Amino acid sequence: MKKIILALSLSVAVMPLWAQSSANALTKAQEILQTIKEDLAPDGRQVIFGLKAFNSPDGILTVEGTTSEQTIRDSAVEALSSHGVDFADSICVYPSDNWGQVRIPVASLRTAGKHAAEMATQAVMGTPLRILESSGEWYHVQTPDGYIAWVPQSSVQLKTAEDMEKWRKAKRFIVTSPFQIRAYSSADKNGLRDVVTDLVNGCIVEPANSDVVLSNGRLAIKLPDDRRAYVDVSDVAPIEEWAAQNFNPEKILDIAYSMEGTPYLWGGTSTKAIDCSGLAKVSYFANGIILMRDASQQALTGTRIEASDWPNCQAGDLLFFGNPSTRRVTHVAIYDNNGNYVHSSGRVKRNSVDPESSSYLKTPFLHAVRIAGNEETKGITRARNHNWYF
């Protein structure tokens, strides 16, 4: 045994300098990549990092992998070079000019490209999607709030960069009805067999012609996949009017309350069925504001209000619940007044943070955030300022 230990010691002692240098360079590269990941890609739901450093069989330090952001590639190359790390660059960036739009009323996006995968989120008709890659019958996409997931190709209409540029400048209408509506095959038919599609709050369509055509109180529209239909004009609004809204907590709460009784659905992000953070997203989107997807993300935005200060909350503030020991957020609600809030838990319903209220829930209340006045800060974007829409 002593002879073996001695032999190992000698082998380390006589290790070639180039091998030691290679090992040191690899360690340095790995440390640099980890720092970049922590700084620029801390949330894998929003950013694909995918970079790794290794020594190839012929001893060449290689950095390879794919990222969703050009800034990550640029930062990695610059940091490695500035630290004197000589490496083979095999970094790829997903394209930024491949586009699609949701072509069905509500598309379900999953954590992997298979129907059995967990549903992560949803997107409604007309929502612009950045297409990262294609795999089998699925697209890997990014939504306007930055969320990355997989969607069936049958749910998406591919668009060129030129198509999207025209769309952003075109006349468009958005569904403002809080309730599901029907688009019909003609202006004067409304039979069961005359339905072209249903539409939900937030769906975006174009007029069927260059000029807006109204007939019998209905608007002729064109869907993202070029199907034609008619909708009641009272159920839609010009997208520029919708986008021009100022913060309106009553609008947000009206949409939330209109869903009362709607069943909870993990990943649900439409008025058909909805989860807790989806309720916040859909309600705020009706007011022209794009929130982050998940409650744990929404909890890090806006102006923080401590749970003990809940009497200072205002209509539209978001309330967060979860584990009081770890402070892990697991649930979100929309505040109304006097301790009352609306949320999706089993179904959309009303409860209170006031311990004296008969509708008080014992779920640990962690803190609240105020979205009002924080538009255009991290994680809170007015649609009118989002370059995917305008």
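Note that the structure is predicted; figures quoted are calculated from it, not measured.
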[Y] side chain reached by [X] side chain, heavy atoms, under 4.5 Å:
{"X": "Val77", "Y": "Asp89", "answer": "yes"}
{"X": "Ile305", "Y": "Val369", "answer": "no"}
{"X": "Pro364", "Y": "Phe321", "answer": "no"}
{"X": "Ile334", "Y": "Ser283", "answer": "yes"}
{"X": "Asn338", "Y": "Asp354", "answer": "no"}
{"X": "Tyr264", "Y": "Ser345", "answer": "no"}
{"X": "Pro178", "Y": "Asp254", "answer": "no"}
{"X": "Tyr147", "Y": "Gln46", "answer": "yes"}

After noting the C-alpha distance and the side-chain angles of Lys169 and Glu165, does the key distance pass the salt bridge (charged side-chain N to carboxylate O under 4.0 Å, His left out) rule? CA-CA 7 Å; Lys169 297 176 180 178; Glu165 186 61 25; 3.4 Å; yes
Flag if over 12 foreign heavy atoms under 6.0 Å of [atom1], [X]:
{"X": "Glu356", "atom1": "CD", "result": "no"}
{"X": "Glu78", "atom1": "CD", "result": "no"}
{"X": "Arg168", "atom1": "CZ", "result": "yes"}
{"X": "Lys37", "atom1": "NZ", "result": "no"}
{"X": "Glu240", "atom1": "CD", "result": "yes"}

Of all the heavy-atom pairs spanning [X] and [Y], show the shortest one and how long it is.
{"X": "Asn190", "Y": "Arg218", "result": "CB-NH2, 3.5 Å"}
{"X": "Gln122", "Y": "Gly268", "result": "OE1-CA, 3.3 Å"}
{"X": "Phe247", "Y": "Ala372", "result": "CE2-CB, 3.4 Å"}
{"X": "Gly278", "Y": "Thr269", "result": "CA-CG2, 4.2 Å"}
{"X": "Ile290", "Y": "Lys281", "result": "CG2-NZ, 4.2 Å"}
{"X": "Phe173", "Y": "Pro238", "result": "CD2-N, 3.7 Å"}

Begin with the C-alpha distance, continue with both residues' side-chain angles, and end with the deciding distance and a verdict on side-chain hydrogen bond (donor to acceptor under 3.5 Å, both in side chains) for Tyr335 and Asn340. CA-CA 6 Å; Tyr335 189 78; Asn340 300 313; over 6 Å; no
Carefully, step by step, assess Arg73 and Glu64 under the rule salt bridge (charged side-chain N to carboxylate O under 4.0 Å, His left out). CA-CA 10 Å; Arg73 183 195 183 283; Glu64 73 171 16; over 6 Å; no
Following the transitive rule for hydrophobic clusters with a side-chain heavy-atom cut-off under 4.5 Å over Ile, Leu, Val, Met, Phe, Trp and Tyr, establish whether [X] and [Y] coincide in one cluster.
{"X": "Leu223", "Y": "Val233", "value": "yes"}
{"X": "Ile91", "Y": "Phe49", "value": "yes"}
{"X": "Val106", "Y": "Met119", "value": "no"}

Which donor-acceptor pairs under 3.5 Å do the side chains of residues 98-105 make with protein atoms, sequence neighbours left out?
from   : atom 1 : to     : atom 2 : distance (Å)
Gln101 : NE2    : Gly126 : O      : 3.1
Arg103 : NE     : Asp225 : OD2    : 3.2
Arg103 : NH2    : Asp225 : OD2    : 3.1

Would you tell me whether [X] and [Y] have side-chain atoms, one donor and one acceptor, within less than 3.5 Å of each other?
{"X": "Gln153", "Y": "Ser134", "answer": "yes"}
{"X": "Glu133", "Y": "Tyr139", "answer": "no"}
{"X": "Glu38", "Y": "Gln34", "answer": "yes"}

Show your working on side chain to side chain contact (heavy atoms under 4.5 Å, CB included) between Ile174 and Val236 and close with a plain yes or no. CA-CA 5 Å; Ile174 188 166; Val236 299; over 6 Å; no
Between the side chain of His386 and the main-chain N/O of Trp388, is any donor-acceptor distance below 3.5 Å?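 Here the side-chain-to-backbone pair exists.
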Can a donor-acceptor pair be found, under 3.5 Å and without considering hydrogens, that links the side chain of Asp198 to the backbone of Ala183? no
The residue among Asp294, Thr121, Thr111 that forms side-chain hydrogen bond (donor to acceptor under 3.5 Å, both in side chains) with Arg45 is Asp294
Check whether NZ of the Lys or CZ of the Arg Arg350 lies under 6.0 Å from the centre of the six-membered ring of Tyr257 and within 45 degrees of that ring's axis.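 Ring-cation test returns yes.
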Do Arg172 and Trp167 form a cation-pi contact, if we require the NZ or CZ to be under 6.0 Å from the six-membered ring centre and within 45 degrees of the ring's axis? yes
Would you sort out whether Arg110 and Glu118 count as a salt bridge (charged side-chain N to carboxylate O under 4.0 Å, His left out), showing the intermediate values? CA-CA 6 Å; Arg110 301 188 178 275; Glu118 175 186 333; over 6 Å; no
As a quick check of understanding, evaluate side-chain hydrogen bond (donor to acceptor under 3.5 Å, both in side chains) for Asp74 and Gln70, giving each step before the final call. CA-CA 6 Å; Asp74 294 343; Gln70 183 66 42; 2.9 Å; yes
Run the side chain to side chain contact (heavy atoms under 4.5 Å, CB included) test on Tyr389 and Thr381 for me, step by step, so that the C-alpha distance in whole Å, both residues' side-chain angles and the decisive distance to 0.1 Å come before the verdict. CA-CA 11 Å; Tyr389 287 97; Thr381 307; over 6 Å; no
Are Asp275 and Arg293 close enough for a salt bridge, meaning some N to O gap below 4.0 Å? yes
List for me each residue that meets side-chain hydrogen bond (donor to acceptor under 3.5 Å, both in side chains) alongside Arg228, sequence neighbours excluded, and say none if there are none. Asp226
Ser177: which residues meet the side-chain hydrogen bond (donor to acceptor under 3.5 Å, both in side chains) condition with it, sequence neighbours left out?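 None.
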Test log, rule side-chain hydrogen bond (donor to acceptor under 3.5 Å, both in side chains), inputs Ser234 and Asp232: CA-CA 5 Å; Ser234 59; Asp232 289 344; 5.1 Å; no
Check the pair Asn374 / Thr303 against side-chain hydrogen bond (donor to acceptor under 3.5 Å, both in side chains), numbers first and verdict last. CA-CA 7 Å; Asn374 290 290; Thr303 301; 3.0 Å; yes
Go through Arg130 and Asp97 one step at a time and tell me if the salt bridge (charged side-chain N to carboxylate O under 4.0 Å, His left out) criterion holds. CA-CA 7 Å; Arg130 176 188 172 193; Asp97 57 355; over 6 Å; no
Is the ring pair Trp150/His140 parallel, tilted or perpendicular, if the boundaries are 30 and 60 degrees? parallel
Are the aromatic rings of Trp242 and Phe285 close, with centres under 6.0 Å apart? yes
